[in-house]
Amino acid sequence: MEVIETIDALRERLRGEPSVACVPTMGNIHEGHLSLVRIARQHAPLVVTTIFVNPLQFGANDDFDSYPRTFAEDCEKLAREGNAIVFHPDETQMYPEAQVFTVEPPPVANKLEGRFRPGHFRGVATVVLKLFNMVQPHYAVFGKKDYQQISIVRHMVEQLALPVKIIPAETVRSEDGLALSSRNRYLSTAERAEAPRLQRVLQRVKDQVEAGERLFEAIEFAADAELARHGWHVDYVVVRSRRTLMQPAAHERELVVLGAAKLGNTRLIDNLEIMAPG
Ligand code: PAF
């Protein structure tokens, strides 16, 4: 597997490649990322995984400094998975000067995750656009665990007519249902045992809505209360339209329940798609 650290070297290496799939990551590769690489390989013979912890998407109170950086192990895992190239730029490559041109996503980016992480999706959209300009992939694979992220990236690609097809990938979970995340490593043993409750609570919401319940506020309130009872600090548990991530219209069927809550100091997010009865 090749490791490339500069934009010039990357462009040189990829010149003339007929089909490239990209997996953008911030490293600390786990089974969830490897599943994205496997999906990328089904779409293109050459997979470029990018590893860059993007300061632009972290707020002042976020965990940028302590975000796990495990480059050597990441490369071993990616190589075993048949990933061809790791693009690992440093900050001087990505941001040689202060980034004054940024991608401003629409107002939905200030809701849900954006409400708790102001400016986060501006940072994500900006770095993803830059990575796409560098790699120029035909395909890019993103996990559905970051549901709002993939929704914003898809919208950006559509509106800016970027020549890349976004491939959504299902969330990978541990046996007890916890969605895999680099942040799970921050959980204490007791918190790790409690953490799968988030998925179970979202599953209950999904079951209720799929059984025909449409009093979303009441369902959300009960979900929130159950998490709070077990020591979670809940940011949100909401049912939204999959298309807009806003409140669902009266008869809208393609929905998603999204949750974000803190266990101790660790903030977890998860979601489940819902198909409401017609
Ligand atoms: O999902 C992530 O790991 C990041 O938000 C991304 C897409 C790599 C942009 O930095």
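Numbering of ligands and ligand atoms starts at 1, following listing order.
Ligand 1 has an N or O atom lying under 3.5 Å from an N or O atom of Q57, backbone or side chain. Geometrically, ligand 1 and Q149 share a nitrogen or oxygen pair separated by less than 3.5 Å.
Listed by number with element, the atoms of ligand 1 under 4.0 angstrom from any heavy atom of V127 are 9 (C), 10 (O). Shown in contact with P24 at under 4.0 Å from a heavy atom are these atoms of ligand 1, numbered in order with element: 8 (C).
With sequence neighbours left out, the side chain to side chain contact (heavy atoms under 4.5 Å, CB included) criterion links R80 to E76, K77. Taking Q159 as the reference, nothing meets the side-chain hydrogen bond (donor to acceptor under 3.5 Å, both in side chains) condition, with sequence neighbours excluded.
No close placement of the F52 and F87 rings is indicated, their centers lying 6.0 Å or farther apart.
We find that R122 and E104 are joined by a salt bridge, their nearest charged nitrogen and carboxylate oxygen being less than 4.0 Å apart. Using a 4.0 Å cut-off between charged nitrogen and carboxylate oxygen, D235 and K262 do not count as a salt-bridge pair.
With a heavy-atom cut-off of 4.0 Å, V153 does not touch ligand 1 at all.
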